[in-house]
2 protein chains.
Amino acid sequence: MNIENTQSQMRKGILEFCILSVIRRGEAYPSDIVEEMKMANLQILEGTLYPLLTRLKNADMLTYRWVESNSGPPRKYFSLTEKGDAFYKELQQTWMELSNGVNAVTKTKENN
Amino acid sequence: MNIENTQSQMRKGILEFCILSVIRRGEAYPSDIVEEMKMANLQILEGTLYPLLTRLKNADMLTYRWVESNSGPPRKYFSLTEKGDAFYKELQQTWMELSNGVNAVTKTKENN
DNA sequence: ATTTGGTACTTGGCAACACATAGTACCAAA
DNA sequence: TTTGGTACTATGTGTTGCCAAGTACCAAAT
């Protein structure tokens, strides 16, 4: 029961939302995503990102196309499917409700 | 990959924070906690709450005392230990950072 | 031509936790 | 003494973040 562990627990399910959000703004390949997340102070590791993208693709939320790179191997560029877009909107709603709920329970005079 | 599942995934680690917050405002027994959570639109089930309280107690974050009830069996009233209070403050910081991060990544013009 | 280093992706396994389910125990009123 | 409600316990399952090891491709240096 340490903070590092709790931090990764808190990430569960939320990363999915963030990643869909990044891809939703335009085709992206894994390193793009890591970069955008880092800019928002949300680190995500490759060992987390790759399996997550695979899950989302298998669930028909994402598609990808191979794009040649001039500095290394080809890259998978991901984009949202219609289903993925619909799912994203549900996640958005879910996050808002959760976030409001947590703030309601914890942000009370006595706790500040 | 459905919404119900994602909702419970998103709860991971966050419930811990919420529950400590409720108890921090004053001794509470499980049903009190469920009630306060429900008021904030955060449902928590008994099968989740009890093991969580046990974990927190085993980690020295909580203590409890038995209190007689005039309508049923005695109740465990929980309160925070010093360690629990320190931990709560860390969780508070963690939640703020995570929450800000998620909003930064997802709340962009293109996504509204 | 072979080595080296970087980039991109894959795979298998582990630990933590929300949740479901079934069960135990206690109490009070019918 | 049965019934129904309340309080708590114990066990098992599925999902997921993360780690670690591995594969593969490319380009510049040796």
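Throughout, a chain's letter reflects where its sequence line sits, starting with A, and its residues are numbered from 1.
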Pair Trp95(B), Asn100(B): side-chain N/O donor-acceptor within cut-off below 3.5 Å = no
ask   = What salt bridge (Lys or Arg N to Asp or Glu O under 4.0 Å) pairs are there with at least one residue in residues 81-96 of chain B, not counting sequence neighbours?
value = Arg24(B)-Asp85(B), Asp85(B)-Lys89(B)
ask   = Listed by chain and number, what are the ring pair (Phe, Tyr, Trp, His ring centres under 6.0 Å) partners of Phe87(B), not counting sequence neighbours?
value = none
message = Below 4.0 Å from chain A heavy atoms, what is the first contacting nucleotide of DNA chain C and what is the last?
response = dG6(C) to dC17(C)
ask   = Taking C-beta and beyond as the side chain, do Leu62(A) and Ser79(A) meet within less than 4.5 Å on heavy atoms?
value = no
query = Where each pair must be Watson-Crick or G-U wobble with both distances under 3.5 Å, what dot-bracket representation of DNA chain C is obtained, with crossing pairs in [ ] and other-strand partners as |?
reply = ||||||||||||||||||||||||||||||
request  = Starting at the 5' end of nucleotides 7-19 of chain D, put B wherever the base has a protein heavy atom under 4.0 Å, S where only the sugar-phosphate does, and a dash everywhere else.
outcome  = SBB----BSBSBB
Do any side-chain atoms of residues 32-43 of chain B form donor-acceptor pairs under 3.5 angstrom with protein atoms, and if so which ones, sequence neighbours left out?
| residue | atom | partner | partner atom | Å |
| --- | --- | --- | --- | --- |
| Asp32(B) | OD2 | Tyr29(B) | N | 3.3 |
| Glu36(B) | OE1 | Arg25(B) | NH2 | 2.6 |

key: Partners meeting side-chain hydrogen bond (donor to acceptor under 3.5 Å, both in side chains) with Gln93(B) (sequence neighbours left out)   = Glu97(B)
Min side-chain heavy-atom separation Trp66(B)-Tyr77(B) under 4.5 Å = no
Please output the side-chain donor-acceptor pairs of residues 1-14 of chain B that fall under 3.5 Å, not counting sequence neighbours, one pair per line with the distance.
| residue | atom | partner | partner atom | Å |
| --- | --- | --- | --- | --- |
| Asn2(B) | OD1 | Asn5(B) | N | 3.4 |
| Asn2(B) | ND2 | Glu4(B) | OE1 | 3.3 |
| Thr6(B) | OG1 | Glu16(A) | OE1 | 3.4 |
| Thr6(B) | OG1 | Asn2(B) | O | 3.2 |
| Ser8(B) | OG | Glu4(B) | O | 3.4 |
| Ser8(B) | OG | Asn5(B) | O | 2.9 |

key: Residue list, salt bridge (Lys or Arg N to Asp or Glu O under 4.0 Å) with Glu27(A), at least two apart or on another chain   = Arg65(A)
Listing, residues 48-61 of chain A side-chain donor-acceptor contacts under 3.5 Å, not counting sequence neighbours, or none:
| residue | atom | partner | partner atom | Å |
| --- | --- | --- | --- | --- |
| Thr54(A) | OG1 | Tyr50(A) | O | 3.0 |
| Asn58(A) | ND2 | Thr54(A) | O | 3.4 |

